[in-house]
Amino acid sequence: MEINDSSILRFDNLLSTNSYLKEHIGEFLPYTTIWSDGQEKGRGRYNREWISYKGKDLTFSILIPLKDLKIEYWKNLTQISSLSIAEELEKLDFKVSIKWPNDILINDKKVCGLLCEVSQRGDEKFAVLGIGLNVNSTLEDLSNINQPATSLFIEKGTVIDREELLQNIVSSNISKFNDFTKNGFQIYKKEVLRRLAWLNEIKIIEDNDRSFDGRIIDLNDDGTLKFLKSDGEIINLISGEIRFKKGH
Ligand code: BTN
């Protein structure tokens with residue numbers, strides 16, 4: 001382990017930065033980031049595997065204290081994080097969109113995923129916010145992934161400095177999170193909506209064992225998704241409950 005910054009701890013290889021941070025939660029100060037060059041058992045949402053390439057991509061987790069964040073806003077944490085990552089990528093001239101609730105896409109292909117897990121230390125609750133960003137992986141590397149995926153390198157054709165990008169993403173996440181704790185989600189809704197993927201496009205959504213045809217028509221003030229079903233009914237979808245069908 002090497003300390004390269006007051007709060008970013010770099011590891012060569014871990015099973016999963018989220019699992020490591022959860023297991024060692026008592027050892028780290030709030031806002032510590034665990035960064036691992038390689039992950040042997042990276043985890044995604046819905047128990048999926050997260051594949052990344054050692055020395056090429058970014059896999060890290062940030063320890064976020066939840067004590068000052070109203071419980072109604074917990075579900076928005078990953079949306080705030082994906083907004084701040086989107087803004088950092090835009091500074092590098094990438095045109096990104098946010099696939100609700102929190103995947104980041106470039107040209108409709110996934111470049112970044114977030115896995116947020118709530119963990120407890122004593123009677124204090126923390127979010128372990130895990131971020132996987134495909135930075136320098138190649139087309140060949142990503143050919144094993146069974147959904148449309150891309151990397152910053154594939155999109156731009158040049159190698160990106162991972163360490164600098166990581167530092168920028170971590171600091172913008174922490175500062176946005178602090179503002180969000182004070183202000184709530186509503187003021188960010190417009191910024192998320194502006195980047196929302198597939199607004200008004202016909203899509204299929206899977207929610208547990210149900211699936212709906214229809215289109216996203218808006219984002220509600222609380223970050224839930226307003227979806228107009230093809231039978232005319234409007235439903236509000238809550239973060240974490242839905243999945244877009246593969247390939248959509
Ligand atoms: C998803 O899109 O399903 C979420 C992917 C989250 C991957 C990151 S990589 C760092 C952290 N450690 C993990 O095991 N998962 C998250």
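Atoms within each ligand, like the ligands themselves, are counted from 1 in listed order.
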Quick one: which ligand 1 atoms are inside 4.0 Å of a heavy atom on [X]?
{"X": "W50", "answer": "2 (O), 5 (C), 7 (C), 9 (S)"}
{"X": "G42", "answer": "14 (O)"}
{"X": "G44", "answer": "1 (C), 3 (O), 4 (C), 5 (C)"}

What is the closest protein heavy atom to [atom], and at what distance does it sit?
{"atom": "atom 2 (O) of ligand 1", "answer": "K110 NZ, 2.6 Å"}
{"atom": "atom 3 (O) of ligand 1", "answer": "R45 N, 2.7 Å"}
{"atom": "atom 12 (N) of ligand 1", "answer": "Q39 OE1, 2.9 Å"}

Taking distance alone, with no angle check, do [X] and ligand 1 share an N/O pair under 3.5 Å?
{"X": "R43", "answer": "yes"}
{"X": "S16", "answer": "yes"}
{"X": "T17", "answer": "yes"}

Pair [X]-[Y], side-chain donor/acceptor within less than 3.5 Å:
{"X": "E117", "Y": "N18", "answer": "yes"}
{"X": "T224", "Y": "N236", "answer": "no"}
{"X": "E155", "Y": "T150", "answer": "yes"}

Salt bridge present between R162 and D57 (N-O < 4.0 angstrom):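 Salt bridge: no.
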
salt_bridge(E87, K176) N-O dist < 4.0 Å: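 Salt bridge between E87 and K176, a charged N being under 4.0 Å from a carboxylate O: yes.
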
Any donor-acceptor pair under 3.5 Å from T138 side chain to D141 backbone: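 Checking the backbone N and O of D141 against the side chain of T138, a donor-acceptor pair under 3.5 Å is found.
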
Option passing side-chain contact (heavy atoms from CB on, under 4.5 Å) with L133 (candidates I169, L166, L114, I160):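 Among the candidates, only I169 passes.
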
For ligand 1, the portion of F60 having any non-hydrogen atom under 4.0 Å away: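 Backbone only.
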
